[in-house]
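Okay, structure first, notes after.
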Amino acid sequence: MENTLFLYNTLSRTKEKFVPIHEGHVGMYVCGPTVYGDAHLGHSRPAVTFDLVFRYLKHLGFKVRYVRNITDVGHLENDADEGEDKIAKKARLEELEPMEVVQYFSDRYHNSMDKLNVLKPSIEPRASGHIIEQIQMVQTILDAGFAYESNGSVYFDVEKYNKENRYGILSGRILEDLLSNTRELEGQDEKRNSFDFAIWKKAQPEHIMRWPSPWSDGFPGWHLECSAMSAKYLGEQFDIHGGGMDLLFPHHESEIAQSTVCHHQTPARYWLHNNMITINGQKMGKSLGNFITLDEFFAGTHKALEKAYSPMTIRFFILMAHYRSPLDFSNEALQAAEKGLSRLLKSIVTLSKLSAGSTSTSNITELEEKCYEAMNDDLNSPILIANLFEGVRIINSVNDQKESLTQVDLDKLKNLFNTFIFDILGLMPESDQQAGNEVIEGLMNLVLEFRANARANKDWTTSDKIRDALAGLKISVKDTKNGVTWNLD
RNA sequence: GGUAUCAUGGCCGAGCGGUUAGGCAACGGUCUGCAAAACCGUGUACAGCGGUUCGAAUCCGCUUGAUACCUCCA
């Protein structure tokens with residue numbers, strides 16, 4: 001483990017050397033989805049980003065416990081105090097049990113993540129399964145004097161907390177600014193200050209998702225689940241906390257406040273935030289109604305899409321940008337990603353067929369070092385990919401006999417490509433239909449034999465007819481120096 | 001209004017004071033019966049205006065524009 005990984009910590013606004021609390025082990029918590037709708041392109045960014053973190057840490061030899069929650073209670077819709085639970089609303093509209101909705105969209109979320117080749121987290125806890133832990137946490141905060149009960153609900157006393165700690169340590173906000181700038185919202189009379197946030201909410205009579213507590217029949221506050229579940233599975237202080245930038249405030253800020261009161265320390269050492277995916281320069285979001293679901297991408301059914309885009313294209317598209325930069329959706333960009341990915345993956349097949357030379361004209365060791373440098377520098381996947389394309393150039397040049405590599409370098413390059421492309425970037429070949437299909441294999445050999453004969457006789461009409469006909473069946477035939485190759489598009 | 005981030009060639013997207021990012025597209029060439037693929041070559045990017053410096057896309061200031069958060073959202 002001689003690699004030194006640097007990560008950008010939102011807490012310090014700098015890149016910091018990553019040193020885990022317990023040597024050789026990493027605890028990572030990432031805010032997962034609220035399951036009340038299909039996963040859209042926006043959801044894929046944190047999933048892929050932290051999948052990359054997970055994969056790379058494992059590659060470096062760490063034993064990683066990766067916890068990603070599923071939020072199935074507690075998020076209020078619209079106005080904070082007047083709204084109803086998102087899950088409950090959807091359930092009532094469709095006359096389903098809330099848990100039925102949760103199950104349905106969880107399954108669909110998992111399905112989309114599987115397609116994107118996102119590894120499953122070690123633990124995927126649900127908020128509804130941790131009500132007791134959350135109630136205990138509310139009690140602890142009340143006992144410590146940092147919360148107050150009001151009409152059956154319990155609110156976190158931000159002003160009091162801020163006297164001894166700093167509310168705003170993560171987001172850079174200053175409490176006075178919040179006070180003077182918070183908008184007027186209806187029904188906030190229960191709170192002492194507008195910036196106080198609920199840690200327990202009394203349920204309205206029509207509210208279906210409710211649990212008994214010392215204060216009221218109700219449900220836990222919005223930010224509490226992550227504090228409770230991360231502490232339960234990763235300890236009172238753990239290594240990495242991740243999520244989308246949009247969660248920075250108030251969600252993560254409030255998590256820090258709650259956990260600090262309960263455990264007297266900042267819950268996580270490194271706070272990582274991925275940037276947003278935008279569409280026409282604007283954030284893709286549920287509430288903005290400008291999102292495209294992942295299934296729509298895979299099927300090409302959304303009106304903004306010129307064609308279908310495969311899961312690996314989406315994954316590669318995301319990895320081509322650094323996780324902290326905004327990434328703008330466009331058909332052009334997706335198609336560029338699609339072609340680039342195809343070229344990258346094709347080179348692996350070419351690589352497997354190369355024969356060794358007596359000398360090496362390229363420095364594979366140096367290439368490998370550059371790949372690690374890129375990843376160690378705050379997971380700079382675009383630089384990594386640029387380096388891999390340098391590898392592609394080398395592979396193709398060797399194939400064209402313009403360069404050569406020794407067996408040692410060839411093996412090193414194969415190992416390099418397998419490690420970075422499959423294990424770390426998590427890409428995978430998508431069309432392996434031709435593999436193992438003996439019928440197609442046999443037919444193709446037969447057809448290409450006829451064509452080879454025609455070509456030998458300079459019967460271009462016949463040979464082109466065969467090639468065109470196969471092209472119509474989405475089989476492309478290419479005549480190379482080393483013979484004929486074909487593949488399914 | 002407050003806080004934060006950003007503005008790079010046709011498109012996407014790296015860059016953290018001096019050396020080629022990379023992908024896609026385009027053009028020219030090599031190869032090929034023709035294609036395709038591949039390889040080689042080509043683009044005088046850095047929002048604007050000042051400043052610091054021997055030297056700035058990169059640091060500082062101002063201007064303009066954009067986005068995010070401040071309310072659920074990845």
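Each chain gets a letter, A, B and so on, in the order the sequences are listed, and its residues count up from 1.
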Would you sort out whether A:F297 and A:F329 count as a ring-ring contact (aromatic ring centres under 6.0 Å, His included), showing the intermediate values? CA-CA 12 Å; A:F297 270 97; A:F329 155 84; 5.8 Å; yes
Can you tell me which nucleotide in B:A38, B:G13, B:C72 comes closest to the side chain of A:P250? B:C72
Tell me the interatomic distance from A:N380, atom CG, to B:G13, atom C1', rounded to whole angstroms. 11 Å
Please report the distance, rounded to the nearest Å, between NZ in A:K370 and P in B:U20. 11 Å
Name the nucleic acid region contacted by A:S463, choosing base, sugar-phosphate or nothing; use a 4.0 angstrom heavy-atom cut-off, strictly under. base
Is any side-chain nitrogen or oxygen of A:K458 closer than 4.0 Å to OP1 or OP2 of B:C34? no
Assign A:R324 to base, sugar-phosphate, or nothing according to its heavy-atom contacts below 4.0 angstrom with the strands shown. nothing
Does A:N396 reach a base, just sugar-phosphate, or nothing at all? Heavy atoms under 4.0 Å. sugar-phosphate
Pick the C1' atom in B:C49 and in B:A25, then give their distance to the nearest Å. 34 Å
Contact class for A:M245 (heavy atom, under 4.0 Å): base, sugar-phosphate, or nothing? nothing
Using a heavy-atom cut-off of 4.0 Å across all strands, would you classify A:P382 as base, sugar-phosphate, or nothing? base
Under the 5.5 Å and 30° test, is A:F389 stacked on the base of B:G23? no
When both hydrogen-bonding distances must be under 3.5 Å and the geometry is Watson-Crick or G-U wobble, what is B:G18 paired with, if anything? B:C54
If only side-chain N and O atoms of A:R68 are considered, is one of them under 4.0 Å from the OP1 or OP2 phosphate oxygen of B:A74? no
Whole-Å P distance, B:C60 and B:A7: 13 Å
What nucleic acid atoms does A:V477 come within less than 4.0 Å of, heavy atoms only: base, sugar-phosphate, or nothing? base
Counting the atoms with a prime plus P, OP1 and OP2 as sugar-phosphate, which does A:H322 contact under 4.0 Å by heavy atoms, base, sugar-phosphate, or nothing? sugar-phosphate
Phosphate contact (B:A74 OP1 or OP2) by A:T34 side-chain N/O below 4.0 Å: yes
Side chain of A:R173, base of B:C69: donor and acceptor closer than 3.5 Å? yes
For A:I277 and B:C12, give me the distance from atom CD1 to atom P, rounded to whole Å. 15 Å
Nearest-Å distance for atom pair CG/P, residues A:D400 and B:C39: 7 Å
Testing B:A74, B:C34, B:G13 for proximity to the side chain of A:A321, the answer is B:G13
Residue whose closest nucleotide on RNA chain B lies nearer the 5' end, A:R451 versus A:K402: A:R451
Rounded distance in Å between the C1' positions of B:G41 and B:U20: 14 Å
Would you say B:C39 has OP1 or OP2 under 4.0 Å from some side-chain N or O of A:R393? no
Using side-chain heavy atoms (C-beta onward) and a distance below 4.5 Å, is A:T49 in contact with A:V30? no
In terms of relative ring orientation, are A:H273 and A:W271 parallel, tilted or perpendicular, with 30° and 60° separating the classes? parallel
Test for a donor-acceptor pair under 3.5 Å between the base of B:G33 and the side chain of A:D464, counting only N and O atoms. yes
Can A:E373 and A:K370 be counted as an ion pair, charged N to O under 4.0 angstrom? no
Rounded to whole Å, please give me the gap between CG in A:D246 and C1' in B:A4. 14 Å
Regarding A:L247, tell me which of base, sugar-phosphate or nothing describes its non-hydrogen contacts under 4.0 Å with the strands shown. sugar-phosphate
Atom P, compared across B:G13 and B:C24: separation rounded to whole Å: 16 Å
Taking atom C1' in both B:G51 and B:G55, what distance in whole Å separates the two? 15 Å
A:F156 and ring pair (Phe, Tyr, Trp, His ring centres under 6.0 Å): which partner among A:F195, A:W200, A:W222, A:F197? A:F197
Mind telling me whether A:Y29 and A:F238 have parallel, tilted or perpendicular rings, with 30° and 60° as the class edges? tilted
Partner of B:G10 under the Watson-Crick or G-U wobble criteria, both distances under 3.5 Å, comes out as B:C24
Check the angle between the aromatic planes of A:Y372 and A:Y56 and answer parallel, tilted or perpendicular using the 30° and 60° thresholds. tilted
So which nucleotide does B:U32 pair with, by the Watson-Crick or G-U wobble rule with both distances under 3.5 Å? none
Salt bridge (Lys or Arg N to Asp or Glu O under 4.0 Å) partner of A:D51, the single match among A:R68, A:R45, A:R315, A:K120: A:R315
What's the CD1-P distance between A:I279 and B:A74, to the nearest Å? 16 Å
Would A:D468 and A:K465 pass as an ion pair if we require N to O under 4.0 Å? no
Determine: side-chain N/O of A:R13 to OP1/OP2 of B:U3, distance under 4.0 Å, yes or no. no
Any donor-acceptor pair under 3.5 Å between the side chain of A:R467 and the base of B:A36? no
To the nearest angstrom, how far is A:H252 atom NE2 from B:C70 atom P? 13 Å
Using the C1' atom on both, measure B:U44 against B:C34 and round to a whole Å. 37 Å
A:H40 side chain: which of B:G33, B:A74, B:C12 is closest? B:A74
Quick one: is B:A38 close enough that its OP1 or OP2 comes under 4.0 Å of any side-chain N or O from A:N399? no
Under 4.0 angstrom, heavy atoms only, what part of the nucleic acid is A:G172 near: base, sugar-phosphate, or nothing? sugar-phosphate
Measuring only the C1' atom in each nucleotide, how far is B:A66 from B:G48? A whole number of Å is fine. 15 Å
Measuring to OP1 and OP2 of B:A37, would you say a side-chain N or O of A:T485 lies under 4.0 angstrom away? no
Sugar-phosphate, base or nothing in reach of A:D328, heavy atoms under 4.0 Å: sugar-phosphate
What integer distance in Å separates A:L319:CG from B:A14:P? 12 Å
Looking at the side chain of A:K283, which of B:C39, B:A14, B:A74 is the nearest nucleotide? B:A74
Applying a 3.5 Å limit to both distances, which nucleotide forms a Watson-Crick or G-U wobble pair with B:U5? B:A66
Phosphate OP1/OP2 of B:G23 contacted by A:K339 side-chain N/O (<4.0 Å): no
Once you measure the plane-to-plane angle for A:H223 and A:H251, does it fall in the parallel (<30°), tilted (30-60°) or perpendicular (>60°) bin? tilted
5' precedence on RNA chain B between A:T278 and A:Y8 (nearest-nucleotide basis): A:Y8
P-based separation of B:A35 from B:C27 [nearest Å]: 14 Å
